[in-house]
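Written below as structure tokens is the structure these notes are about.
Order of listing sets the numbers, starting from 1, for every ligand and every atom in it.
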Amino acid sequence: MSDPAFQQCIKPTCGATYAIDDVRYACSACGSLLDVCYDWSRCRVPKSPALFNDRRGAQPDTPAGRLDYSGVWRFRELLPFANSTNLVTIGEGRTILQQADRLAIEIGHKPGRCFLQYEGFNPSGSFKDNGMAAAFTMARSLDRGRVGCASTGNTSASLAMFAGNTSTRAGEPIRAVVFVGDDKIALGKLAQALDHGAMTLQIAGDFDACMRLVREATDRLDLYLVNSINPFRLEGQKTIMYRVLEGLGWQVPDWIVVPGGNLGNTSAFGKAFVELRELGLIDRMPRLAVINAAGANTLYELFTERGLRWNGGQVDDRVVLDHYQHMEERGWAARTVATAIEIGRPVNLPKALRSLDALSGVVRQVTDEAILDAKALVGQHGYGCEPASAASVAGLRLLLEEQVIAPTDRVVCILTGHALKDPDATVRYHANGGRDDVAAPHANPPVQVPAEIEAIEEVLRSC
Ligand code: F0G
């Protein structure tokens, strides 16, 4: 194979390889997921991360400057699957790692040891833009004009924004088709898909139904699928970890804590660290904590409760099938206030198990109440986030209580989406004075005041 980049089946006993431009979302020999792989000896990877740091100050006013400005493509040597003329960017990945001392104190962690990675600062307001830059690059390399996804909202928002801002090689607009669950998507995200001109199909069903349908549509129609089952998406999402490392001066943290939905991030993060170690850019691995919402806890059930493991690539599929059958028999469907991660059948499950293996991972579940309380704390002491993102902080709090994570451990929680994605959830938490049954501990309800200065003065006395 002349190209140093290729696709490969993740199952070690299969290992079938495919050319980089061979469009498929599963191995045709055994049906497993595919990785994008590299013969690193034929790629030009810098010996130290200094080059990536140097690019951070780039100005986006020239084509080369735009690539360096991108928080994805300034690491392009670490995801070298495309010709540089096809790299697509809309200014993604300029995100912030915040040392969150006040939050740390609130949740029983040590100041100086707790960090939040704000991926909500991406152009479309979520981490998805990292992956979408890579997926659209592939769409352009393949010269595809119609791009689609199933989504709980953020993938569709990101896809729609990228489609609105890019074109085919012939300069034609890229058409976006998104499948979202009827009544299942936060308003901010639906608004984005509509605003950016995507054809938005509201399916009478949940994310899992959308995912099933979009895969069928991909096979039948001329649709390039950019869900995280597309391995190129995950190449872009590796860069979230590069930026975390950069924020820590390339010192590896003790833990990465991430919400788990379709498990794309979980998969991408593991791949990022395995490759960095292979390339000698880091000398040790962090541990990984994946946090499910209790109402969408498939990974928790399988990994933590039923002991399912990567097992050198021999995942016991019977355990998974048995679990899914049990879900169906009970009529169980995922349900959580964190709608972004309301997913029952995560497509990247085997890759996530591989990451958990490589990074000595743990999986926990947290209640909707714990998620909303953690979200309120992130808002109070930082830049805010949407409910699904706060699962990471709720998970950190739980793991501190369990003493799995020590207060002295250096921990990075990934905040995957912006607070304005789902303002309803925020207002419900604060404005109703909390929850129906118990008072929410961090609620900040608006105060009704007569239009009189004396009344305002009275209220402000307690401020
Ligand atoms: N956080 C947010 C804000 C998300 O939108 C998602 C996934 C996740 C976490 C979970 O990430 O799938 O990599 O485990 N949202 C997808 C969507 C499913 O369609 O927008 P994951």
Side-chain angles (χ1 to χ4, degrees), residues 117-122 124-132 135 148-161 178-181 184-186 188-190 192-193 198 200 203 206-211 214 225-230 233-234 236-238 240-241 256-272 288-293 296-300 334 336-349 351-352 355-356 363 366 371 375 378 384-395 413-422 425:
Q117 175 70 14
Y118 283 92
E119 289 301 311
F121 288 170
N122 270 288
S124 83
S126 87
F127 74 92
K128 303 285 181 182
D129 296 347
N130 295 288
M132 212 51 80
C149 72
S151 183
T152 55
N154 280 324
T155 306
S156 52
S158 179
L159 185 161
M161 188 181 269
V178 304
F179 290 55
V180 298
K184 290 280 185 189
I185 168 172
K189 306 174 189 181
L190 179 62
Q192 287 178 290
T200 305
I203 309 293
D206 58 9
F207 174 83
D208 298 323
C210 290
M211 195 66 226
V214 82
L225 185 64
V226 295
N227 276 104
S228 55
I229 197 166
N230 179 329
R233 265 274 310 274
L234 302 188
Q237 286 169 220
K238 291 189 308 191
I240 301 170
M241 291 302 101
I256 301 288
V257 189
V258 64
N262 224 4
L263 305 177
N265 273 337
T266 303
S267 306
F269 296 175
K271 187 171 191 285
L288 181 68
V290 184
I291 313 299
N292 271 167
N297 61 354
T298 300
L299 183 67
Y300 174 79
T336 166
V337 69
T339 52
I341 51 174
E342 195 176 78
I343 294 172
R345 292 169 182 250
V347 298
N348 289 300
L349 177 66
K351 284 187 178 176
S355 289
L356 286 162
V363 180
V366 290
I371 287 173
K375 179 180 128 43
V378 172
C385 67
E386 67 168 284
S389 313
S392 60
V393 174
C413 292
I414 311 302
L415 297 180
T416 45
H418 199 282
L420 292 177
K421 290 280 189 176
D422 190 357

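- Close approach to I341 involves these atoms of ligand 1, each under 4.0 Å from a residue heavy atom: 8 (C), 9 (C), 10 (C).
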Indicate every side-chain donor-acceptor pair of residues 256-265 with a distance under 3.5 Å to a residue at least two apart or in another chain.
| residue | atom | partner | partner atom | Å |
| --- | --- | --- | --- | --- |
| N262 | OD1 | V347 | N | 2.9 |
| N265 | OD1 | Q237 | NE2 | 2.9 |

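- Remark: ligand 1 and T155 share an N or O pair separated by less than 3.5 Å (distance only, no angle test).
- Residue I343 places a heavy atom under 4.0 Å from ligand 1.
- In this structure, K128 counts as a contact residue of ligand 1, since one of its heavy atoms falls inside 4.0 Å of the ligand.
- For the residue pair S267 / N348, no side-chain donor-acceptor distance below 3.5 Å is found, with atom types taken as modelled.
- Not a single N or O atom of T266, backbone or side chain, sits closer than 3.5 Å to an N or O atom of ligand 1.
- For ligand 1, the polar-atom distance check against T152 finds a nitrogen or oxygen pair separated by under 3.5 Å.
- Annotation for ligand 1: atoms under 4.0 Å from non-hydrogen atoms of S151 are 17 (C), 19 (O), 20 (O).
- Counting only distance, with no hydrogens or angles, the side chain of N154 and the backbone of S126 share no donor-acceptor pair below 3.5 Å.
- Listed by atom number, the atoms of ligand 1 under 4.0 Å from G260 heavy atoms are 14 (O).
- Under a 4.0 angstrom heavy-atom cut-off, S228 registers as lying outside contact with ligand 1.
- Taking distance alone, with nitrogen or oxygen atoms compared against 3.5 Å, G417 stays at or beyond that limit from ligand 1.
- Residues A425 and P387 approach most closely at CB-CG, 3.8 Å, considering heavy atoms.
- The G264 neighbourhood of ligand 1 comprises atoms 12 (O), 13 (O), 14 (O), 21 (P), with distances under 4.0 Å to a heavy atom of that residue.
- Those atoms of ligand 1 that come under 4.0 Å of a heavy atom in N154, given as number and element, are 2 (C), 3 (C), 4 (C), 5 (O), 20 (O).
- Side chain of S158 to backbone of S124: no donor-acceptor contact under 3.5 angstrom is found.
- Listed for the T298 side chain is no donor-acceptor partner under 3.5 Å among the backbone atoms of R345.
- In terms of protein heavy-atom proximity, atom 6 (C) of ligand 1 is closest to F127 CE2, 3.7 Å.
- Distance from atom 13 (O) of ligand 1 to its nearest protein heavy atom, with residue and atom name: N265 N, 2.8 Å.
- N292 places a side-chain N or O within donor-acceptor distance of the main-chain N or O of L299, the cut-off being under 3.5 Å.
- Counting heavy atoms closer than 4.0 Å to ligand 1, residue E386 contributes side-chain atoms (C-beta onward) but none from N, CA, C or O.
- Here the heavy atom of the protein found nearest to atom 4 (C) of ligand 1 is A340 CB, 3.4 Å.
- By the criterion of a heavy-atom distance under 4.0 Å, both the backbone and the side chain of N262 are placed next to ligand 1.
- V178 and A193 get closest at one heavy-atom pair: CG2-CB, 4.3 Å.
- Although no hydrogens or angles enter the test, the distance criterion places a donor-acceptor pair under 3.5 Å between the side chain of R233 and the main chain of V226.
- Side-chain atoms of T336 never come within 3.5 Å of backbone atoms of E342 as a donor-acceptor pair (strictly under, hydrogens ignored).
- Taking atom 2 (C) of ligand 1 as the reference point, the nearest protein heavy-atom neighbour is T416 OG1, 3.3 Å.
- Contact between A352 and T266 at its shortest, heavy atoms only, is CB-CG2, 3.8 Å.
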